[in-house]
Amino acid sequence: MNKEKNLKPSKELPLGFVDRQEKELLIRDFIISNIKEVMTKYGFQYLETPSFEYTDSIGKFLPDKERPDQGVFSFKDENKWLSLRYDLTAPLARYVAKNYLEIPKPFKRYQLGTVWRNEKPGPGRFREFLQFDADYVGTKSLLADAELCVLVSEILEKCGLDKKDYTVKISSRKFTDKIFEQLKIKSKEQISTTLRALDKIDRLGWEEAKKLLGEGRKDKSGDYTKGANLNSDQIKIIENALKSKTSDSEDVLEIIRIFTDYNFENYKFDPSVIRGLEYYTGPIFEVNLNFEVKNSKGQVIQFGSIGGGGRYDNLVSNFGNFDCPATGISIGLDRLVFALMQKKDFKIKTARPVVICVFDKNKNKEYIGILNKLRMLNISSEIYPGEGKLKKQMEYANKIGSPAVILYGDDEIKSGKATLKNLESGKESLVKIEDLANEIKKLL
RNA sequence: GCAGCAGUAGCUCAGUUGGUUAGAGCACUAGUUUGUGGAACUAGGGGUCGGUGGUUCGAAUCCACCCUGCUGUACCA
């Protein structure tokens, strides 16, 4: 007995992977159609690259180890490491390097694709998710960086977010570089610990983040995180720099000037925006939601950003001799869907089929006749796809959210009329077969 | 990865200081209604109490280890 049970396949999903239901998928489709519309309008090309890349192509080899960095899903194929892509930027850099001579410069492309990350999942945060990515390759113009922010906000608003629902935060790697000059610290480790601490100000608040700049911090669970070991003078320098409402970084100022020309106002200079440590070289952006997001238990959770990006002028040149500046922005679509589902005023209509109930299997010809008339007019409809009493059929129609059922039994067939029952109101009416479609359209 | 908390029916959970055949609500199935859903009533199915080992006459309950989940934290290109 025991053994037999153990042989059954598991119905559980791997950690961080989920089944996605129609409700969610329709919102996602809605977002995607908005993205395509906006991107076409802004003149971007649509591109697709494969899910797998050679691990070294997407920059995920630990220099001193044979295995790829953890964080990516990888396997060894014929002595070569392959990895599932973890974002769409690295594959783009690879694509540009590979096709450099053919593609137009500058090159503007957008991409929608699944990416995978081997990390700890959380609410609205999965190990497999859909990402949208838009990039400008081959231009140093900050017009490009600014436009990416403008375009993302247009997408978000098209999806139903108000201006108060989100903020595009901008900063620049150059701004933090200046701080480090003042601090006179050069240790790469100390710099990255400091940057990570700054990145957390948003979530933890300045007082907690300060501990991470100094000795370290104990979190709610009692876990201890080592800090950057800056002295109090250095922390003071950072504190003052963070207080500045405007950047003294030329690139940020320039982008803000362009925002003004676009009449784009929904941005905020925020020096605590850090993003990835590895490859950004100039302006960086992050898109944050301003409304509360709850988990399945109704607790308000730390949701973080739904997108971000920045300038990465060295990424393409990693592949060869092409010196090619670039800037890009991404949105995590599933995170946006998760958040959008929680906005109470956000609704998407789903078309559920009208159900034609089955009284007699020998009357299939009649049922199919009605079905064809309805489907001809694009009315979602079906013949009850099972066996059972009328009651069971009604329960089915109710459960799938069908707007109406059609009853066409002996009584109706004699009179040439069908009973149309509105499942919302419960009202029934006798309708001539020819008029059925029109009557149904009225109640949809 | 680290830390805290948790794991009992499909779901949400109760289960008293260890003590017979482990409970409830919702959901499911059938019926009350052989042509009528979303309400009600009746009946029924469904669990080796996350796993393994231990303590004990006896474990859902105590102990050890493992697994999984949640939350925080680290990493996040």
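Throughout, a chain's letter reflects where its sequence line sits, starting with A, and its residues are numbered from 1.
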Sugar-phosphate only, base, or nothing, as touched by [X] at under 4.0 Å among non-hydrogen atoms:
X        : result
A:Glu208 : nothing
A:Val72  : base
A:Glu428 : base
A:Glu395 : sugar-phosphate
A:Ile400 : nothing

With both distances under 3.5 angstrom, what nucleotide forms a Watson-Crick or G-U wobble pair with [N]?
N      : answer
B:rU42 : B:rA30
B:rC65 : B:rG51
B:rA3  : B:rU71

Just N and O in the side chain of [X]: are any of them under 4.0 Å from OP1 or OP2 of [N]?
X        : N      : answer
A:Lys391 : B:rU32 : no
A:Arg203 : B:rA74 : yes
A:Lys200 : B:rC75 : yes
A:Arg85  : B:rA77 : no
A:Lys399 : B:rA27 : no

Which residue, A:Gly409 or A:Glu424, contacts RNA chain B at a nucleotide closer to its 5' end, judged by nearest heavy atom?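 Counting from the 5' end, the first nearest nucleotide belongs to A:Gly409.
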Among the candidates B:rU73, B:rA77, B:rG35, find the nucleotide nearest to the side-chain atoms of A:Glu119.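 The closest nucleotide is B:rA77.
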Looking at the side chain of A:Lys389, which of B:rG31, B:rG35, B:rC76 is the nearest nucleotide? B:rG31
Inspect the contact between [Y] and [X] and indicate whether a charged nitrogen and a carboxylate oxygen are less than 4.0 angstrom apart.
X        : Y        : value
A:Arg311 : A:Asp145 : yes
A:Glu181 : A:Lys178 : no
A:Asp334 : A:Arg20  : yes

Gap in Å between the two C1' atoms, one belonging to B:rA27 and one to B:rG50, rounded: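 The answer is 23 Å between these two C1' atoms.
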Determine, using ring centers only, whether A:Tyr136 and A:Tyr42 are less than 6.0 Å apart. no
Using a 5.5 Å cut-off between ring centres and planes within 30 degrees, is A:Tyr279 stacked on the base of B:rA77? no
Within 45° of the ring axis of A:Tyr224 and under 6.0 Å from its six-membered ring centre, is that where the NZ or CZ of A:Lys218 lies? no
